[in-house]
There are 2 protein chains.
Amino acid sequence: MNGMGEVRQIDTATRILDAAEALFVEHGFEATSMRMITQRAEVNLAAVNYHFGSKDALFQGVFTRRLTPLTQLAVQSLDKLETAAKGEPLSVDAIMHAFMDAALDIAHDPKRGGVIFVRLLSRTFIEAHPVLRESLPRHYEELVGRYASATAKALPHIDPVELQWRLNFAFSAIFNAFAGNNILRLFVSDPVVNARAPRLIATYLVPFVVAGLTAPAIAAGTSPDVNRA
Amino acid sequence: MNGMGEVRQIDTATRILDAAEALFVEHGFEATSMRMITQRAEVNLAAVNYHFGSKDALFQGVFTRRLTPLTQLAVQSLDKLETAAKGEPLSVDAIMHAFMDAALDIAHDPKRGGVIFVRLLSRTFIEAHPVLRESLPRHYEELVGRYASATAKALPHIDPVELQWRLNFAFSAIFNAFAGNNILRLFVSDPVVNARAPRLIATYLVPFVVAGLTAPAIAAGTSPDVNRA
DNA sequence: GTATGTTTCAAACAACCGTTTGACTGAATC
DNA sequence: GATTCAGTCAAACGGTTGTTTGAAACATAC
């Protein structure tokens, strides 16, 4: 491809991105040092600052590399559904499948992150790092907005506030499931579930969140009791 | 109480625990340094190593201080329900309320952690630190086991594997909601929901997870398609 | 008052952090 | 062939990390 013949070792910048991505997923941002990254990537220590400028900028690059394809895929997946529906509301099931299929597509494509991508994705909203706090909303704004309004249209009888809560719960379950943060694995010593097979997760995950989202609205009278005690 | 009259400042060890707890919730384990802790606790730097031995041991102490009361409360809350039911299966709604009430009790008692407790609780399964990986399962084993079998008894028609998945999703949503990790706040700039009022969260959270847990079982035929692609 | 054991304190420890420097390499440009 | 410039490299930068030290300060017991 580059006329140099044979595989020729990968670009230094992407080798750094790959190493940083894997280490960040495994250890988190703060616990991952420059020396760990450069050692794994088999590049010189100074290479990170040369190619990316700083550690913060590197991690911003790690995220945007994976997130951009996801948001594009997920949005265009919803586009297809909505044009086919010709203005009619979609089913919540179809909406959730649209998002899940986009994530699964990338999860099964090693060139776009593969299995490690979904775990990185889940890190994005768990990590509290300021670098992500300002750059991520811009990335997710369109994605979340589109899916939120599609869900609102599918569930017109649900109060908007309650729906926003439910979407929050749903995405929490989704991202945590994909993160491999198998909570049961943390609690019990030998769980039967294996959180590493994305498509297996989705099989059980979609019905769960769909049921949660489409549950009957809570009685309006229960709201005030929030302030008791 | 100690004959010295008046309030008399709090014990050094607990002042350290309080400071470490707050900082750990806010910044995470790795990003919280000894000097941040001792400065906030207004104690000498060496006091942490003197009273706890190491930073790792300190954080283990931070968690066990809060987790032990929760598991006790949650288990005995389930005990009361089960003895009242005289062997009959409980409703999933009652089970989830039992757990949530235990968490809310502690969340509203400043002496047992208050609002910060629930966020600490959620940190326990997000943080990947090895110290927690080995100590937490022992703490949670009874709690999860009891609630899992109670749920299994309430939903005998659900396959055990699928039920374990659903419990995983449910607890993910619960802990993330309490963590204040409002995923929508990260994605959209101005969400209407406020994730800091535990009882308000519970009002919306319980119906969501109950609906997810009690959803119809997935068709047995859909299982094999997991291996496609 | 002296002795004993516990707690606090300022100071220093080696190790690691992210970043910068300046010399060196190799290929492209004139 | 000299020049240019993106890229790599070993070495060092100042600063922070968790931890240790040995001397003070303290309360309690004899």
| task | With sequence neighbours excluded, tell me which residues meet ring-ring contact (aromatic ring centres under 6.0 Å, His included) with F117(B). | result | none

| said: I need the CD-P distance between E42(A) and dA10(D), as an integer number of Å. | reply: 13 Å

| request: Give every residue pair that meets the salt bridge (Lys or Arg N to Asp or Glu O under 4.0 Å) criterion with at least one member in residues 104-113 of chain B, sequence neighbours excluded. | output: D109(B)-R112(B)

| Atom pair distance, as rounded to whole Å: CE in M34(B) and P in dT16(D) | 17 Å

| remark: So, with a heavy-atom separation below 4.0 Å from DNA chain D, the residues of residues 45-55 of chain A are A46(A), Y50(A), H51(A)

| Which whole-number value in Å describes the distance from I16(A) CD1 to dC9(D) P? | 11 Å

| remark: Between CG of L23(B) and P of dT17(D) the distance, given in whole Å, is 12 Å

| note | By nearest-nucleotide position on DNA chain D, the 5'-leaning member of R35(A) and T32(B) is R35(A)

| note | F59(A) meets the ring-ring contact (aromatic ring centres under 6.0 Å, His included) criterion, sequence neighbours left out, with F24(A), F29(A)

| request: List for me each residue that meets side-chain contact (heavy atoms from CB on, under 4.5 Å) alongside R146(B), sequence neighbours excluded, and say none if there are none. | output: V75(B), L78(B), D79(B), E82(B), E142(B)

| request: Mind calculating the distance between CD (Q39(B)) and C1' (dC9(C)) to the nearest angstrom? | output: 16 Å

| dT8(D) phosphate, OP1 or OP2, under 4.0 Å from T12(A) side-chain N/O | yes

| task | Could you pull out the closest heavy-atom pair between L81(A) and A98(A), with the gap in Å? | result | CD1-CB, 3.6 Å

| request: Name all residues meeting the side-chain hydrogen bond (donor to acceptor under 3.5 Å, both in side chains) criterion together with N44(B); count only those two or more places apart in sequence or in a different chain, and write none if there are none. | output: none

| message | Can you measure D11(A) atom CG to dA6(D) atom P for me and round it to whole angstrom units? | response | 15 Å

| note | Taken to the nearest whole Å, CZ/R15(B) to P/dT7(C) is 14 Å

| query | Between dA10(C), dG18(D), dT8(D), which nucleotide gets closest to the side-chain atoms of N44(A)? | reply | dT8(D)

| query | Less than 4.5 Å apart, any side-chain heavy atom of E21(A) and any of L17(A)? | reply | no

| said: Expressed as a whole number of angstroms, how long is the span from D56(B):CG to dT17(D):P? | reply: 16 Å

